[in-house]
Amino acid sequence: MSSKTGYPFHLPSPQEDLILTVSVGNTHLHWASHNGPNEDFNPKIFWRTPHIEEDDMGEDNLIQVLSRLIPDDAHDYIFGEETDASVEAAVRQSKLRDVPEISVYVVSTNQAQAESLEKLLKTVPSKFCLLDDDMFFTEEQGRYSTMGTDRLATLAGAAYMHGHPALVFDGGTATTYSATDSAGNILGGGIAPGIYTKLKSMAESTDALPDVSKKVPEKVSAALDQVSGNEPIPTFARSTEDAMLGDLFQELAMKGRNVIGNWLKKAYRKNTKPPKADSKLNTEKRVICTGGDADVLYLLLSPDSGGLIEMDEGKSTLEYEVEVSKHLIHYGITAVLYYQGKLQEKKTNNVTKIAGNEHIGKRVAKVFDVESDDGDNIYRGTVKELADVDGFDGYRVLYDDGDKEDVSVNTLFGENLSNFNSCLPC
């Protein structure tokens, strides 16, 4: 198995114009092809394939299996246009590219599948990079040891798209939620059986209850399309099918609103701050639904539960927006590549100033997007000590309310002060 990914060795070359990312899930492989560094690694095409079967892993069969798993643009990039897949074709085509090896970045919750995938990709010139947890969030940012890399990646994707705080509901084999606060630190989350897992479990564990899981897409589609005459599932159902679906959907809707309410309360406290000067704040309070059941979760968390179930007519006081991003995990990988690339670019250009003791003790002030306790958006503090900031020289600022922030020399005292100002007195 590949060792844990390290940067900058595994960063794509600036000359690469196609990169692959793969999320290895419990039931499928989720793929994306991306533009290269010159276009900020933006995803181009998404697709899904079944798990790789053991019968596919014969040495004489690997190259054909890989070809079967990828779409035409990736096939043409690796093997050449209108060319059958073969090792010889892959090698020949690689010599025509500025960068012979294609970079592949993988997030996996299934070790056996990740190993099979790596074996397939090693049949062509490639760099296989299995991303580890620290690529997305560190322990200092609240990551705990058993938190799945897939959950970390979706959180990173949500923050990349909309900023912190982030809240992600992921519907699949399990239904999970994960959240960060406005400083980009992980609050935590929850895990429960997924919609189809629950429905199939009831059918398999009883003699009288049917498997109604196949009815879910029908109900969701009618609600999304606002089909004329479609009625929400009543609270007091008059059929076994509606009783099973209605209760499950109500559970998800009510729990989801409770989670959102607590997230809004904890993540948007006035005395929390973004960790870096260039951090985005999720001012629109967007909640992201992803995974195979994203559409169901989107409806249930929308006003009136999207017409999917009968709701109490009382208006919710929660203010937030909800959206679907089924490929969020690939944007999480995009975020890692983008930010690590920018960091490496800064190091290469050697633009950082050297920190010295002369600034320790200075008073500083910073404008944030959230109000301080005294009602304005200015937080005041003191430069306390030297600090390492993503490999750069920097300082640790202790704010008067007790919070701390590590900032680079350029951010604090450079020519581009951003939203920082040194002030004496302050």
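Along the sequence shown, the residues carry numbers beginning at 1.
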Do [X] and [Y] have their ring centres less than 6.0 Å from each other?
X      : Y      : value
Phe41  : His34  : no
Tyr268 : Trp263 : yes
His330 : Phe46  : yes

**OP:** Walk me through it: do Thr176 and Phe169 pass the test side-chain contact (heavy atoms from CB on, under 4.5 Å)?
**Re:** CA-CA 6 Å; Thr176 68; Phe169 288 87; over 6 Å; no

Would [X] and [Y] count as having a side-chain donor-acceptor pair, cut-off 3.5 Å?
X      : Y      : value
Trp31  : Thr21  : no
Asn110 : Ser108 : no
Thr180 : His164 : yes
Glu241 : Ser239 : no
Glu101 : Ser126 : no
Asp17  : Tyr77  : yes

For the pair [X] (side chain) and [Y] (backbone), establish whether a donor and an acceptor sit closer than 3.5 Å, ignoring hydrogens and angles.
X      : Y      : answer
Thr290 : Ser325 : yes
Asp133 : Phe136 : no
His51  : Gly25  : yes
Arg257 : Leu300 : yes
Arg151 : Tyr177 : yes
Lys280 : Tyr160 : yes
Ser116 : Ala112 : yes
Thr123 : Leu120 : yes
Ser205 : Ser201 : yes
Asp304 : Gly307 : no

How many angstroms lie between [atom1] in [X] and [atom2] in [Y], if you round to the nearest 0.5 Å?
X      : Y      : atom1 : atom2 : value
Ile288 : Lys326 : CD1   : NZ    : 14.0 Å
Thr154 : Asp170 : OG1   : CG    : 5.5 Å
Ile195 : Leu252 : CD1   : CG    : 5.0 Å
Ile19  : Cys129 : CD1   : SG    : 10.0 Å
Leu66  : Leu62  : CG    : CG    : 9.0 Å
His327 : Ser23  : NE2   : OG    : 11.5 Å

Original post:
Taking all atoms of both residues into account, what is the closest heavy-atom pair of Leu167 and Ala179, and its distance?
Top reply: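 Between these two residues, the closest heavy atoms are CD1-CB, 3.8 Å.
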
I'd like to check [X] versus [Y] (side-chain heavy atoms, cut-off strictly below 4.5 Å). Are they in contact?
X      : Y      : value
Ile70  : Thr49  : no
Leu29  : Pro50  : no
Thr149 : Thr109 : no

Cationic N near anionic O, under 4.0 Å, [X] to [Y]:
X      : Y      : result
Lys44  : Glu39  : no
Glu323 : Arg286 : yes
Asp211 : Lys200 : yes
Lys198 : Glu251 : yes

[X] atom [atom1]: more than 12 heavy-atom contacts under 6.0 Å:
X      : atom1 : answer
Tyr144 : OH    : yes
Glu321 : CD    : yes
Asp55  : CG    : no

Original post:
Yes or no on side-chain contact (heavy atoms from CB on, under 4.5 Å) for Val24 and Val107, after CA distance, side-chain angles and deciding distance?
Top reply: CA-CA 6 Å; Val24 182; Val107 169; over 6 Å; no

Subject >> Chi angles and distances behind the salt bridge (Lys or Arg N to Asp or Glu O under 4.0 Å) call for Lys404, Glu385 >> reply: CA-CA 11 Å; Lys404 298 177 183 177; Glu385 59 189 354; 6.0 Å; no

Subject >> Qualifying ring-ring contact (aromatic ring centres under 6.0 Å, His included) pairs with a residue from residues 238-262, counting only residues at least two apart or across chains >> reply: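 Of all non-adjacent pairs touching residues 238-262, none passes ring-ring contact (aromatic ring centres under 6.0 Å, His included).
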
Subject >> ring-ring contact (aromatic ring centres under 6.0 Å, His included) contacts touching residues 78-99 (sequence neighbours left out) >> reply: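 Listed once each, the pairs are His75-Phe79.
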
**OP:** Would you check, one step at a time, whether the test side-chain contact (heavy atoms from CB on, under 4.5 Å) holds for Ile52 with Gln113?
**Re:** CA-CA 7 Å; Ile52 303 166; Gln113 283 294 305; 3.7 Å; yes

**OP:** Scan for salt bridge (Lys or Arg N to Asp or Glu O under 4.0 Å) pairs involving residues 61-88, sequence neighbours excluded, and state none if there are none.
**Re:**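 Sorted result for residues 61-88: Asp56-Arg68.
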
**OP:** Just do the salt bridge (Lys or Arg N to Asp or Glu O under 4.0 Å) check on Lys215 and Asp242 with the steps written out, would you?
**Re:** CA-CA 10 Å; Lys215 294 291 184 178; Asp242 281 352; over 6 Å; no

Original post:
Which is it for Ile45 and Trp47 under the side-chain contact (heavy atoms from CB on, under 4.5 Å) test, yes or no, and what are the steps along the way?
Top reply: CA-CA 7 Å; Ile45 301 174; Trp47 69 99; 4.0 Å; yes

